[in-house]
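Data block below; observations after.
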Protein chains: 2
Amino acid sequence: MAANSLRARVRAEMIDEIKAAARRHLATDGANLSLRAVARDLGMASSAIYRYFPSRDDLLTTLILEAYVALGDAVEAADAAVDRDDLRGRWFASCRAARAWALANPAEYALLYGSPVPGYTAPDDTVEPAARPPMTLIGIARDGLATGQLTPPPADDLPQPVRDDLADVAASLAPGMPVALLARGMAGWTQLFGLISFELFGRIKGALPHRDDYFDHQIALMADLVGLPR
Amino acid sequence: MAANSLRARVRAEMIDEIKAAARRHLATDGANLSLRAVARDLGMASSAIYRYFPSRDDLLTTLILEAYVALGDAVEAADAAVDRDDLRGRWFASCRAARAWALANPAEYALLYGSPVPGYTAPDDTVEPAARPPMTLIGIARDGLATGQLTPPPADDLPQPVRDDLADVAASLAPGMPVALLARGMAGWTQLFGLISFELFGRIKGALPHRDDYFDHQIALMADLVGLPR
DNA sequence: CCAATTCGAGAGCAGTGCTCTTGACAGGTC
DNA sequence: GACCTGTCAAGAGCACTGCTCTCGAATTGG
């Protein structure tokens with residue numbers, strides 16, 4: 001079959017429509033997505049969906065993968081838009097972009113970073129795009145190291161097993177990265193994820209009305225921890 | 001009816017059995033708990049469950065509340081078991097207890113700190129027990145302040161809105177607590193939650209085999225941030 | 001033009017939460 | 001003991017779910 005045949009084009013559009021409807025339902029109904037509901041939205045029989053996605057999990061997987069890509073794109077684009085030497089600016093831009101994306105797409109964020117669906121196991125395709133946001137943060141630290149703006153923290157407190165583990169990670173993901181700095185970069189990523197999750201999952205209550213400023217301050221604390229110059 | 005009548009006792013036992021069976025299913029099936037499966041386990045009709053819990057959400061709420069209490073108990077007990085003046089020891093004990101509880105009860109932890117169930121809204125009863133772990137951490141910082149072991153960080157970087165918000169929180173939860181210190185304590189709590197979630201939800205992959213040591217080091221970073229003396 | 005492929009719709013299966021009705025049992029009262 | 005009253009478990013049934021299968025219609029490539 002020709003790649004551009006009428007059937008192929010209609011099929012591609014149909015897939016897009018299904019995904020769009022599914023995303024719409026995701027926003028209101030959460031992870032328990034109903035295939036029949038999206039079929040109703042599209043005015044088709046529920047069984048017809050199975051012509052395009054072999055199962056509900058498969059549709060979810062596609063949405064998850066695209067969400068990872070979208071988040072990774074957003075973070076990397078925000079980082080790229082800042083002067084390479086402005087480490088702190090890049091740090092803030094990246095973190096804010098992640099939060100902004102999460103606030104704009106809460107259901108998809110919950111799908112990525114919420115509790116895992118019981119029977120569901122993420123395919124290997126997700127690990128690479130999932131690693132892009134933390135890699136962006138670590139890249140900022142690396143650049144600072146390269147330009148001398150950033151001095152690596154002492155690794156004295158690092159227990160030997162952690163040092164070895166982190167050395168392995170650095171070897172495969174960020175060659176030349178000092179382990180102590182890598183650990184602090186990962187702390188920043190953990191903090192970013194925790195902050196967004198707390199805000200999104202309603203754990204922060206209404207106690208802190210100025211969420212943007214609070215977020216910025218907490219992110220600044222981690223920027224200091226990593227050693228980004230002010 | 002007498003509170004200790006035979007009926008009341010049998011009923012209480014039945015409720016306990018239902019909760020136990022539900023917890024068992026929770027561990028394998030996650031948040032999508034099946035009432036019918038629980039009923040099957042207990043050898044009773046599904047409709048009979050409704051004599052004890054008005055709905056599935058109500059059963060879930062009960063489990064959530066008890067999980068909050070269990071986690072709070074675990075953290076506070078760990079903190080209380082350490083010499084009051086050993087701030088760092090208390091910090092480590094509290095954080096490790098939270099992680100240990102989460103690893104021992106992953107399904108319940110996911111229920112508490114994973115993505116919120118779509119239609120479900122947590123009742124007000126949960127906010128007090130939910131606040132116990134972070135309050136324990138903040139209490140450690142307060143004690144350090146009282147004994148002079150800990151000097152409050154400067155509040156210079158804090159934007160005014162955040163300072164005001166945090167002052168309100170401090171006024172109602174931790175009177176006399178400097179806002180900058182409160183912010184760092186909350187950062188510690190956020191980091192703790194993020195660390196546990198990453199480990200539990202499989203985001204950390206097999207990249208860091210020595211998870212205990214990694215956890216300890218990241219917790220130590222936050223202890224330093226709060227200013228706990230070594 | 002025809003065979004092959006693709007597609008949508010419908011029926012149907014097993015499962016779910018939940019409601020309502022029915023019949024059985026225990027508690028206390030006369 | 002007889003009698004009511006409140007409680008309980010069970011079953012049928014409703015509307016919903018994911019998913020499979022079959023059947024007729026439409027489109028494609030030869």
Side-chain angles (χ1 to χ4, degrees), chain A residues 1-26 28-64 107 111 117-121, chain B residues 1-26 28-64 107 111 117-121:
Chain A
M1 166 186 359
N4 277 358
S5 84
L6 180 100
R7 243 208 187 113
R9 267 185 298 132
V10 168
R11 184 179 174 83
E13 281 178 25
M14 199 71 216
I15 288 181
D16 281 346
E17 281 188 40
I18 292 176
K19 288 191 291 194
R23 261 187 276 264
R24 225 176 305 131
H25 273 90
L26 216 57
T28 61
D29 298 345
N32 36 14
L33 175 70
S34 163
L35 276 192
R36 292 180 119 109
V38 314
R40 268 194 300 271
D41 264 25
L42 300 178
M44 66 198 301
S46 65
S47 56
I49 304 268
Y50 288 84
R51 296 278 176 196
Y52 303 92
F53 294 94
S55 76
R56 195 195 75 125
D57 272 12
D58 213 88
L59 172 56
L60 268 179
T61 298
T62 302
L63 294 180
I64 288 177
L111 219 53
V117 185
Y120 178 82
T121 52
Chain B
M1 165 185 359
N4 277 359
S5 83
L6 182 104
R7 255 220 178 98
R9 270 184 297 133
V10 169
R11 184 179 175 83
E13 281 179 25
M14 199 71 215
I15 289 181
D16 281 346
E17 279 188 42
I18 292 176
K19 288 192 290 193
R23 259 187 278 264
R24 227 177 303 131
H25 272 92
L26 216 56
T28 61
D29 298 344
N32 36 14
L33 175 69
S34 163
L35 277 191
R36 291 180 120 109
V38 175
R40 266 195 300 273
D41 263 25
L42 301 178
M44 67 198 298
S46 65
S47 55
I49 304 265
Y50 288 84
R51 294 276 173 197
Y52 302 92
F53 293 94
S55 76
R56 195 195 76 125
D57 273 12
D58 212 88
L59 173 56
L60 268 179
T61 297
T62 302
L63 295 180
I64 288 177
L111 219 54
V117 186
Y120 177 82
T121 53

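Quick note on labels: first sequence line is chain A, next is B, and so on, each numbered from 1.
Between the CZ atom of B:Arg23 and the OG1 atom of B:Thr62 there is a distance of 9.5 Å, given to the nearest 0.5 Å. Put simply, CD1 on A:Ile64 and CG on A:Leu111 are 4.0 Å apart, with the number rounded to the nearest 0.5 Å. Note that CZ of A:Arg36 and CG of A:Asp41 are 14.5 Å apart. Values are rounded to the nearest 0.5 Å. Rounding to the nearest 0.5 Å places CD1 of B:Ile18 at 12.0 Å from CD of B:Glu13.
Scanning both residues, B:Ala21 and B:Val38, for their nearest heavy atoms gives CB-CG1, 3.9 Å.
Within 4.0 Å (heavy atoms only), B:Arg51 reaches at least one base atom of the nucleic acid. Using a 4.0 Å heavy-atom cutoff across all strands shown, A:Tyr52 reaches sugar-phosphate atoms only and no base atom. Residue A:Ser55 is classed as a sugar-phosphate contact, given heavy-atom separations below 4.0 Å to backbone atoms only. Within the nucleic acid shown, A:Leu33 comes within 4.0 Å of sugar-phosphate atoms alone, with no base atom in reach, counting heavy atoms only.
Atom CZ in B:Arg56 sits about 13 Å away from atom P in C:dT19, given to the nearest Å. In this entry the distance linking CZ of A:Phe53 with P of D:dG18 reads 14 Å, nearest Å. Straight-line distance from the OH atom of A:Tyr50 to the P atom of C:dG10: 17 Å, rounded to whole Å. Atom CG of B:Asn32 and atom P of C:dT16 are 11 Å apart (whole Å). The distance between atom CE of A:Met14 and atom P of C:dG8, rounded to the nearest whole Å, is 6 Å. A straight line from CD1 of B:Ile49 to P of C:dC20 spans 18 Å, rounded to a whole angstrom.
Residues from residues 16-25 of chain A placing a heavy atom under 4.0 Å of any atom in DNA chain D do not occur. Against DNA chain C, the stretch residues 35-45 of chain A makes heavy-atom approaches under 4.0 Å through A:Arg36, A:Gly43, A:Met44, A:Ala45.
Counting only heavy atoms from C-beta outward, the side chains of B:Met44 and B:Met14 approach each other to under 4.5 Å. Contact annotation: the side chain of A:Leu59 never approaches that of A:Tyr52 to less than 4.5 Å [non-hydrogen atoms, C-beta and beyond]. A heavy-atom distance below 4.5 Å is not found between the side chains of B:Leu35 and B:Phe53.
Here the side chain of B:Arg56 pairs a donor or acceptor atom with the backbone of B:Leu33 at under 3.5 angstrom.
With hydrogens and angles left out, the side chain of A:Ser47 and the base of C:dG10 share a donor-acceptor pair within 3.5 Å.
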